[in-house]
Asker: 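Structure in structure tokens, see below.
Every chain is numbered from 1, with letters handed out A, B, ... down the list of sequences. Since this is a predicted model, take the numbers as computed values, not measurements.
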There are 2 protein chains.
Amino acid sequence: MDIWKRFGEKEITHSMAHYLQAVAALKNDKGFARVGDIADRLGVSKSGVTSMLRSLQSRGLVDHEPYGCVELTPLGLQLARRTESNRRLLSVFLSEILGVAESVAEEDACMIEHLVSPQAAVELLRLTTFLRSQHPAALQFREAFRNTPRTCSDHAPGDCDICGATCLVDSLLRPPPAADAGPAA
Amino acid sequence: MDIWKRFGEKEITHSMAHYLQAVAALKNDKGFARVGDIADRLGVSKSGVTSMLRSLQSRGLVDHEPYGCVELTPLGLQLARRTESNRRLLSVFLSEILGVAESVAEEDACMIEHLVSPQAAVELLRLTTFLRSQHPAALQFREAFRNTPRTCSDHAPGDCDICGATCLVDSLLRPPPAADAGPAA
DNA sequence: CAAGAAAGTTTAGGCATGTTAACTCTCGGA
DNA sequence: TCCGAGAGTTAACATGCCTAAACTTTCTTG
């Protein structure tokens, strides 16, 4: 039951994903990617870039010889593209389908982009494009979904199999309890 | 443009979320949570638990005096519950709505559970309960969605605003390129 | 071509999270 | 009462990812 430990075994970490995307973007914009440009773009120090590049190179994701420019390997490019597509997809899904505020949608997408499995991404893309389409069922959905209630007490009084005892909505939208560790009795 | 750096500033990390959940579960199952039980449940060493508890205590998420049992503070309990609800929600959404295989859905949910914003979670719950319901629009959706195509060339030939140049489906389902960093010309 | 500026790297160190090994505390039984 | 087993903690170390400061390489320009 140790799924959670595999967090550290993902093919790439959050940081790595963003380094790869930065290299891809610079390659695209200027034709080449230098250490300093990557550092500027990501808001990290140049030494941080150097050491991350070493790590990415050891994983076969970039090519980088000292004092030279950085190139993505085919694998690195694939991961960069995949991560970017995932982010766009999540962002659209969250903001357009779910109606979450743009800024929140983008932040969520950025946090999650590298963690979504290919299987889930493919199906989420299918759902998103379907629900945005002009298909009659999609039109009906949009009309009906607008008026759907938010809390479990509305959709499943006393028995929501997702939320259990406390409705997610209640616990999420309520302000946090007094933080100073003092359960007053 | 440094959203990505806020990854490290989330209220809790992936590890912390699972420690909190372990404590909550043990409290629930046995009435108390000891260091050794937490270690067993999470598959980490006892010393790892001790040091994580120090960190959680400094954030006001648990109470723990040396050689004693562990208690969740109100804030810690709230985070544990929230994370668990998020995971159940994501798991149901991925497997039931999107049709992703259970095992993949659970792994994805576990990776993402602590990163989903309250806003997104609330709306995702709304969407999920709606699409699972007997509402006519939901019935129509399920019928129609079953036959929706997967690739961009079907739903938006040559112009998918999510995927850009390369359809997500193509890049996700294609096997990775030869990994040995050798772009053979 | 040489010298300074610009770019990049190395070194040393910090924080989070984990490990193992060795030490200390607590408690139950002879 | 006291002693040993088991539970918990500390110490020392590893890895990932970041920083600042010092050093090296490369470029530019007079």
Side-chain angles (χ1 to χ4, degrees), chain A residues 2-23 26 30-71 79 110-111 114-115, chain B residues 2-23 26 30-71 79 110-111 114-115:
Chain A
D2 285 0
I3 294 180
W4 77 279
K5 278 195 135 188
R6 294 209 281 275
F7 192 78
E9 295 162 17
K10 287 259 142 187
E11 40 188 357
I12 50 172
T13 64
H14 179 75
S15 288
M16 290 176 191
H18 285 274
Y19 276 88
L20 294 180
Q21 286 181 68
V23 174
L26 287 166
K30 327 191 351 177
F32 55 89
R34 287 174 309 179
V35 168
D37 298 328
I38 299 170
D40 288 347
R41 190 168 238 277
L42 294 179
V44 299
S45 64
K46 285 182 293 177
S47 56
V49 174
T50 299
S51 75
M52 178 58 95
L53 288 176
R54 220 194 315 281
S55 168
L56 292 173
Q57 183 145 39
S58 77
R59 286 160 209 257
L61 301 178
V62 304
D63 283 328
H64 173 232
E65 40 214 297
Y67 302 100
C69 285
V70 183
E71 301 290 338
L79 287 178
C110 175
M111 298 299 159
H114 65 298
L115 295 170
Chain B
D2 286 359
I3 294 179
W4 78 279
K5 278 195 134 189
R6 294 209 281 276
F7 192 78
E9 295 163 17
K10 287 259 141 188
E11 42 188 354
I12 50 173
T13 64
H14 180 75
S15 287
M16 291 178 191
H18 284 274
Y19 276 88
L20 293 180
Q21 285 182 68
V23 174
L26 287 166
K30 328 191 350 176
F32 56 88
R34 287 175 308 178
V35 168
D37 298 329
I38 299 170
D40 289 347
R41 192 168 236 276
L42 294 179
V44 299
S45 65
K46 285 182 293 175
S47 55
V49 174
T50 299
S51 74
M52 178 58 95
L53 288 177
R54 221 193 315 282
S55 167
L56 292 173
Q57 182 145 38
S58 77
R59 287 160 209 256
L61 302 178
V62 303
D63 283 328
H64 173 232
E65 39 213 296
Y67 302 101
C69 286
V70 183
E71 301 290 338
L79 288 177
C110 176
M111 299 298 159
H114 65 297
L115 294 170

Asker: Side-chain contact, heavy-atom cut-off 4.5 Å: A:K10 with A:H114?
Answerer: no

Asker: Establish, from distance only, whether the side-chain atoms of A:S15 and A:T13 form a donor-acceptor pair under 3.5 Å.
Answerer: no

Asker: Nearest whole angstrom, please: distance from the C1' of D:dT15 to the CZ of A:R54.
Answerer: 14 Å

Asker: Quick one: A:R34 CZ to C:dG8 C1', roughly how many Å, whole number?
Answerer: 11 Å

Asker: Just checking A:G68: base, sugar-phosphate only, or nothing, at a heavy-atom cut-off of under 4.0 Å?
Answerer: nothing

Asker: Report the nucleotide, chosen from C:dA16, C:dT24, D:dT19, that has the shortest atom-to-atom distance to any side-chain atom of B:K5.
Answerer: D:dT19

Asker: Which residue lies toward the 5' end of DNA chain C, A:K46 or B:K46, if each is placed at its nearest nucleotide?
Answerer: A:K46

Asker: Using whole Å, report how far CZ of A:R59 lies from C1' of D:dC17.
Answerer: 11 Å

Asker: Taking the side chain as every heavy atom from C-beta outward, state whether A:M111 and B:I3 have any pair of such atoms under 4.5 Å apart.
Answerer: yes

Asker: Would you indicate, yes or no, if C:dG18 has its OP1 or OP2 atom less than 4.0 angstrom from a side-chain nitrogen or oxygen of B:Y19?
Answerer: yes

Asker: State, with a plain yes or no, whether a side-chain heavy atom of A:L20 is found less than 4.5 Å away from one of A:V62.
Answerer: yes

Asker: Between D:dC17, C:dG18, D:dT19, which one does the side chain of A:S55 approach most closely?
Answerer: D:dC17

Asker: Take the protein atom CE of A:M52 and the nucleotide atom C1' of C:dG8, then report the distance between them rounded to whole Å.
Answerer: 17 Å

Asker: Under 4.0 angstrom, heavy atoms only, what part of the nucleic acid is B:H14 near: base, sugar-phosphate, or nothing?
Answerer: nothing

Asker: Are any non-hydrogen side-chain atoms of A:C110 and A:H18 less than 4.5 angstrom apart?
Answerer: yes

Asker: Within this structure, what is the CD-to-C1' distance between A:E65 and D:dT25, rounded to whole angstrom?
Answerer: 14 Å

Asker: Please classify the nucleic acid contact of B:F7 as base, sugar-phosphate, or nothing, using heavy-atom distances under 4.0 Å.
Answerer: nothing

Asker: Applying a 4.0 Å non-hydrogen cut-off, can you work out what A:S45 is touching in the nucleic acid: base, sugar-phosphate, or nothing?
Answerer: base

Asker: Answer with base, sugar-phosphate or nothing: what part of the nucleic acid does B:G48 contact at a heavy-atom distance below 4.0 Å?
Answerer: base

Asker: Any donor-acceptor pair under 3.5 Å between the side chain of B:S47 and the base of C:dT20?
Answerer: yes

Asker: For B:H18, report the nucleic acid contact type (base, sugar-phosphate, nothing); a contact means any heavy atom under 4.0 Å.
Answerer: nothing

Asker: Looking at the side chain of B:Y67, which of C:dT26, C:dA7, C:dT19 is the nearest nucleotide?
Answerer: C:dT26

Asker: Can you tell me how far P of C:dT10 sits from NE2 of A:H64, to the nearest Å?
Answerer: 10 Å

Asker: Looking at C:dA16, does its base get a donor-acceptor pair with the side chain of B:T13 below 3.5 Å?
Answerer: no

Asker: If you only use heavy atoms from C-beta on, which nucleotide in D:dC17, C:dA7, D:dT10 is closest to the side chain of A:S15?
Answerer: D:dC17

Asker: Before you tell me yes or no, could you show the steps for B:K5 and A:V44 under side chain to side chain contact (heavy atoms under 4.5 Å, CB included), namely the whole-Å CA-CA distance, both residues' side-chain angles and the distance that decides it to 0.1 Å?
Answerer: CA-CA 9 Å; B:K5 278 195 134 189; A:V44 299; 3.7 Å; yes

Asker: In this structure, how many angstroms lie between the C1' atom of C:dA16 and the CD atom of B:E9, rounded?
Answerer: 15 Å

Asker: Would you mind reading off the distance between A:I12 atom CD1 and D:dT15 atom P, rounded to a whole angstrom?
Answerer: 21 Å

